[in-house]
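The block underneath contains the structure these notes are about, expressed in structure tokens.
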Amino acid sequence: MKRVYNFSAGPAVLPEEVLREAADEMLDYKGCGMSVMEMSHRSKAFVEIIETAEQDLRDLMGIPDNYKVLFLQGGASQQFAMIPMNLMKNKVADYIVTGQWAKKAAAEASKYGKVNKIASSEDKTFSYIPDCSDLPVDEDADYVYICENNTIYGTKFKELPNTKGKTLVADVSSCFLSEPVDVTKYGLIYGGVQKNIGPAGVVIAIIREDLITEDVLPGTPTMLTYKTHADAGSLYNTPPAYGIYICGKVFKWLKKMGGLEVMKERNEKKAKLLYDYLDQSKLFKGTVEKKDRSLMNVPFVTGSDELDAKFVKEAKEAGLENLKGHRTVGGMRASIYNAMPYEGVEALVAFMKKFEEENL
């Protein structure tokens with residue numbers, strides 16, 4: 001078996017240990033004679049899986065008791081509508097637009113009420129995070145929305161915006177569990193798991209209980225009401241059971257590794273290796289302002305579309321997969337999530353050095 005180093009932005013690399021465990025349990029989960037893929041979501045075995053997963057996530061993130069943890073479907077993109085449907089009581093919301101996903105979220109929310117774009121970095125192709133220390137927050141705004149780590153552009157909020165007392169809602173899809181988080185600073189924190197936690201098909205939403213009410217916008221479907229899922233412990237309908245099972249294994253792996261403080265140190269070390277090389281390279285160039293660089297997604301270019309394409313092709317031949325940048329920006333992007341080993345980044349940097357020597 002030959003495993004490649006997979007730098008995909010999502011679905012992305014998972015811990016090998018987790019994949020091996022899942023493989024061992026594929027036909028017979030803990031002696032029950034069937035796979036988790038086949039079992040009822042109402043069964044004792046699965047209820048234990050989802051409850052353990054929730055508790056492990058609470059332990060990892062220090063989630064307070066007055067926050068609900070929901071395992072949902074529809075990906076982060078479905079949350080773009082679900083959030084305003086549930087939270088836009090005054091039909092006003094403020095959005096900070098720092099990338100493609102925040103932009104899409106704002107466009108979706110504008111179907112349900114007034115959306116103010118109170119800060120944006122679109123003027124420089126989302127290559128930085130705007131100053132959010134003194135924003136024109138609307139006094140009627142129901143919430144302030146951010147995408148905390150921008151997968152496509154490789155930027156990250158190092159400080160949360162000053163929301164002037166308004167509820168902060170954050171999409172953390174691509175930095176989920178990559179470092180410690182103070183959950184109490186958010187009203188709602190959510191993310192698709194397919195980047196840093198599990199397989200595609202699950203979205204986790206962590207919501208303060210006072211925001212979960214029956215007072216939603218008229219016409220909000222039952223399935224898009226947070227209260228529906230909160231009241232049913234994420235088991236209102238058949239959940240993405242196998243995906244939740246894998247997420248649960250990743251939570252156990254993270255605990256075993258030492259928790260989120262340790263993950264942050266590991267992630268900083270990996271990112272430093274790659275950014276240090278980019279900063280001294282004569283061929284490759286990072287595309288993000290240094291102070292706003294993501295630890296998870298590292299975009300870079302050579303300045304030549306032909307060389308970029310050549311690099312991606314030759315990297316693939318060398319066992320370095322999925323380094324092509326997002327179709328909207330081109331270039332290259334290395335996603336170095338929790339499960340990417342340090343050796344993977346070492347291999348990438350070694351290959352980049354070799355490529356630079358041969359192509360300068």
Side-chain angles (χ1 to χ4, degrees), residues 9 74-176 181 185-192 195 203 205-208 211 216-217 220 224 226 287-289 291-294 296-297 299 325-329:
S77 295
Q78 186 161 287
Q79 295 301 305
F80 299 169
M82 204 163 169
I83 288 160
M85 283 175 169
N86 284 266
L87 303 188
M88 250 195 192
K89 318 292 186 196
N90 296 326
K91 297 219 171 170
V92 181
D94 289 351
Y95 279 66
I96 298 169
V97 179
T98 52
Q100 206 79 351
W101 303 114
K103 193 176 176 179
K104 285 187 174 178
E108 190 69 14
S110 66
K111 296 176 180 176
Y112 303 98
K114 181 186 173 198
V115 167
N116 304 307
K117 292 183 185 174
I118 56 171
S120 171
S121 53
E122 194 164 10
D123 61 327
K124 292 184 182 170
T125 328
F126 301 123
S127 59
Y128 69 103
I129 297 290
D131 178 4
C132 296
S133 58
D134 186 19
L135 296 163
V137 177
D138 193 311
E139 59 184 43
D140 292 327
D142 292 298
Y143 59 88
V144 175
Y145 181 102
I146 61 170
C147 179
E148 199 163 316
N149 187 92
N150 296 286
T151 325
I152 295 174
Y153 302 94
T155 57
K156 164 83 165 70
F157 279 82
K158 302 293 167 72
E159 280 180 36
L160 294 176
N162 175 5
T163 65
K164 300 183 178 173
K166 298 294 182 184
T167 297
L168 178 63
V169 174
D171 173 356
V172 297
S173 296
S174 53
C175 58
F176 222 154
V181 171
K185 291 183 175 174
Y186 307 80
L188 195 167
I189 183 169
Y190 79 92
K195 298 174 184 295
V203 65
I206 300 157
I207 315 176
R208 209 172 60 228
L211 298 173
V216 296
L217 294 186
T220 298
L224 295 186
Y226 288 126
T287 57
V288 171
E289 283 194 16
K291 67 178 175 57
D292 300 321
R293 284 170 164 176
S294 165
M296 298 282 99
N297 311 101
H326 191 271
R327 61 185 182 279
T328 57
V329 290

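Sequence positions, counted from 1, serve as the residue numbers for this chain. Treat the numbers as computed from the prediction; the structure is a model and nothing was measured.
- Side-chain contact between T98 and S121 is present, with at least one heavy-atom pair separated by less than 4.5 Å.
- Between E122 and K103, the shortest heavy-atom contact is OE2-NZ, 2.6 Å.
- No side-chain heavy atom of Y153 sits less than 4.5 Å from a side-chain heavy atom of S294.
- Heavy-atom minimum distance, A93 versus M88: CB-CE, 3.6 Å.
- V169 is not listed as a side-chain neighbour of Q79, based on a closest heavy-atom distance of 4.5 Å or more.
- Among all heavy-atom pairs drawn from P84 and L217, the shortest one is O-CD1, 3.7 Å.
- For the atom pair OG1 of T151 and NZ of K156, the computed distance is 12.0 Å after rounding to the nearest 0.5 Å.
- Closest heavy-atom contact between V288 and G154: CG2-O, 3.5 Å.
- We find the CD1-OH distance between I83 and Y143 to be 6.5 Å, quoted to the nearest 0.5 Å.
- A perpendicular orientation is assigned to the rings of F80 and Y145, their planes being inclined by more than 60° (bins at 30° and 60°).
- Residues meeting the salt bridge (Lys or Arg N to Asp or Glu O under 4.0 Å) test with K195, sequence neighbours left out: none.
- Using modelled atom types, one finds a donor on one side chain and an acceptor on the other under 3.5 Å when comparing T155 with N150.
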- [ ] Decide side-chain contact (heavy atoms from CB on, under 4.5 Å) for N116 and Y95; before the verdict, give the C-alpha distance in whole Å, the side-chain angles of both, and the deciding distance to 0.1 Å.
- [x] CA-CA 6 Å; N116 304 307; Y95 279 66; over 6 Å; no
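- Residues V329 and F126 form no side-chain contact, since every pair of their non-hydrogen atoms from C-beta on lies 4.5 Å or further apart.
- When the shell of 6.0 Å around NZ of K158 is examined, it contains more than 12 heavy atoms from other residues, nucleotides or ligands.
- Looking at every heavy atom in both residues, S110 comes nearest to V115 through N-CG2, 3.5 Å.
- In this structure, I118 and I96 have side chains that are in contact, with non-hydrogen atoms separated by less than 4.5 Å.
- Atoms CD and CE, from E148 and M296 in turn, are 12.0 Å apart once rounded to the nearest 0.5 Å.
- To the nearest 0.5 Å, atom CD1 of residue I206 and atom CD1 of residue I189 are 5.5 Å apart.
- The shortest distance between side-chain heavy atoms of Y186 and V181 falls below 4.5 Å.
- Listed for the D94 side chain is no donor-acceptor partner under 3.5 Å among the backbone atoms of V144.
- In this structure, N90 contributes its side chain and V92 its backbone to no donor-acceptor pair below 3.5 Å.
- Listed by chain and residue number, K114 satisfy the salt bridge (Lys or Arg N to Asp or Glu O under 4.0 Å) test with D138 (two or more places apart in sequence, or in another chain).
- Using a 4.5 Å heavy-atom threshold, the side chains of T167 and L211 count as touching.
- Residue N162 holds its CG atom at 10.5 Å from CG of L168, rounded to the nearest 0.5 Å.
- Side-chain contact between I146 and F157 is present, with heavy atoms from C-beta onward closer than 4.5 Å.
- Rounded to the nearest 0.5 Å, atoms CG (L224) and CE (M85) are 5.5 Å apart.
- The pair D134-K164 counts as a salt bridge, with a side-chain nitrogen and a carboxylate oxygen less than 4.0 angstrom apart.
- In terms of heavy atoms, W101 sits closest to C147 at CB-SG, 4.4 Å.
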